[in-house]
Amino acid sequence: MNDQHERAVEAVLFAATEPLTVDAIRSHAGDGDVRVALARLKGRYRGRGIELVERGGRWQFQTAPDLAHLLRRDRDEIRKLSRAGIETLAIIAYHEPVTRAEIEAIRGVQTARGTLDVLMEAGWVRPAARRDAPGRPLTFATTPEFLSHFGLGSRRDLPGIDDLRAAGLLEPADLAFDELTVVNQREDD
Amino acid sequence: MNDQHERAVEAVLFAATEPLTVDAIRSHAGDGDVRVALARLKGRYRGRGIELVERGGRWQFQTAPDLAHLLRRDRDEIRKLSRAGIETLAIIAYHEPVTRAEIEAIRGVQTARGTLDVLMEAGWVRPAARRDAPGRPLTFATTPEFLSHFGLGSRRDLPGIDDLRAAGLLEPADLAFDELTVVNQREDD
Amino acid sequence: MNGVPEQLTLDLDGFEGPLDLLLSLARAQKVDLREISILDLVEQYLAHIDEARVLQLDVAADYLVMAAWLAYLKSALLLPREPEVEQDADDLALRLQMRLERLELMRQAGDWLVARDRIGRDVFTRGAPEGLHVVRKAFWSVEYYDLLSAYGRATARSRPVLHLVPDREVVTLEVALTRLAALLGTVPDWRAIEHFLPVVHGAALRRSALASSFVAALELARQGRADLRQDGPFSPLYLRRTTV
């Protein structure tokens, strides 16, 4: 019963407390083509008050964006990010994995201690691997929650990211050069 | 616009943290006949993986009852019992009912708190009567599951001490010693 | 109280570092960042900093560092055209322009991000999800053999250890000593030790008699009652009563 499987996928996604990968869905919904079921469900909910979306390979139901005004009432406002926080988040999203020094090189200013903490506390940024460079600095990257929170299917949905990458503007080597010029200038002083 | 109202009701119910009265739904979803929208939605979700239900005048989405089992997935894990666990189990089997202190006296080492817990969790050991002795210590005994796991009809099927000795299972230390003397004699030859 | 410096202080405070100030000045040129006149930009920036200096304001070190670097860039850009130097200055100017462009892009991306349909603000997930649960059932596995050998192992640790040495016929040292002392009195001259051994049956008992008699001979020699002689290693051992 194909339809039975689609029902199962629907129920599992509804019950889930977080976005689910296809594998996670399969482990609960049992045998059947999960992708086919997801595609059908996505179509079925199109234009409804609820929609099925994929974020970074994870699937979830959420309310339709155009109904936001009805639902926002009574809810706590999302804590507003500082300008530095927004900028830092964008830089990490475009350049990940990226070190703190590289973030500072792009912004041309030191990053306040709290800025990265706030992003990590929100669950949007996580420490990633250490860079294989002198001092082995820690790098930072975005999380699946970042994609989900901002409604991104993947990082490729970030505007212009492919162009920037093609232009070589997202290369760590390029950033390192900027950093170097800043440091050299400081030492010249 | 009727459909728009239905969408709103759908989204409101989906996002609600608790079942909502018709009035509560109206206060969020705005003007429109909430009851009509609810009836339509109920029909729309009939036979799906989720359904819209009313309980005591409050409405909510819930997983279709026949799919509830999907939300609870059992995973079997085969785990090996620790050495201490096996020894403790064996002592209980041979000496039951036996107190913790007696087990420790036989093993010659203290029994970690978790060891007996694991055996009880496995269903092989149960607390038995209290010993009529100072402190009235609890005794432990094996269960029918223990017998069936090891294919025993009763505890009498456990090999006796002589059988164990004959099988070389009883005194591994002495066994090793015997082997050593044999080797020495051979070297004499 | 002078109103003007305060205003200027605020002016600089409003910027997040020198790059931010440069970017704001560049935006004021109202052209695409790629078309920007770096020279104009540098002059505006330096004018800004100079003004702050004239007013004796504290200017953060970062801004001064950037000012020094921009002053260097300006002079390099204005230098008479020497092929290598010119290349270098143009390259630096291009890099500065690219840095500004990238910062601008990141700013726009940040604005774009926060304007997205965000969960908890614009879109909402299910308010009361039932949740998915994985119930782990542990199956413990033990083999019957492991159970039995564990019992042997455990009980062996506490069971009193009894070592049985099988009874064996021996010629004790006492017997050998008495016999040898008595015999020595009857033999006046050197005799091999074998001569003094009791007649016994079995190779093991014979070896025992030899060993005990040998030790007995050593003991008598120590007491000064017997002399021992051996001509070389493993050659026959001779005994006689000590002659005074």
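Bear in mind the structure is a predicted one, so any value in this text is a computation, not a measurement. To find a chain, count down the sequence lines: A is the first, B the second, and so on, and within it residues start at 1.
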> For A:L41, is it the side chain, the backbone, both, or neither that has a heavy atom closer than 4.5 Å to a heavy atom of chain B?
Replying inline: side chain
>> Report which part of A:L67 has an atom under 4.5 Å of a heavy atom belonging to chain B: side chain, backbone, both, or neither.
In response: side chain
>> Given heavy-atom pairs under 4.5 angstrom as the criterion, report whether the side chain, backbone, both or neither of B:A29 touches chain A.
In response: backbone
> When only pairs under 4.5 Å are counted, which of A:A64, A:G30, A:A11 shares the most heavy-atom pairs with chain B?
Replying inline: A:A11
> Between A:S27, A:A16, A:A8, A:A15, which residue shows the highest count of heavy-atom pairs closer than 4.5 Å to chain B?
Replying inline: A:S27
>> Would you say that B:L71 contacts A:H28 through its side chain, given a criterion of any heavy-atom pair below 4.5 Å between the two side chains?
In response: no
> So, A:F14 versus A:F61, ring centres under 6.0 angstrom or not?
Replying inline: yes
> If you count heavy-atom pairs under 4.5 Å with chain A, which of B:R48, B:Q62, B:R72 comes out on top?
Replying inline: B:R48
>> Side chains of A:Y45 and A:E10 only: does a donor on one sit below 3.5 Å from an acceptor on the other?
In response: yes
> Does the pair B:E145 and B:H149 meet the rule for a side chain to side chain contact (heavy atoms under 4.5 Å, CB included), with working shown?
Replying inline: CA-CA 6 Å; B:E145 288 81 51; B:H149 180 88; over 6 Å; no
> Under the criterion side chain to side chain donor-acceptor pair (under 3.5 Å), which of B:R131, B:H95, B:R107 is the partner of B:E102?
Replying inline: B:R131
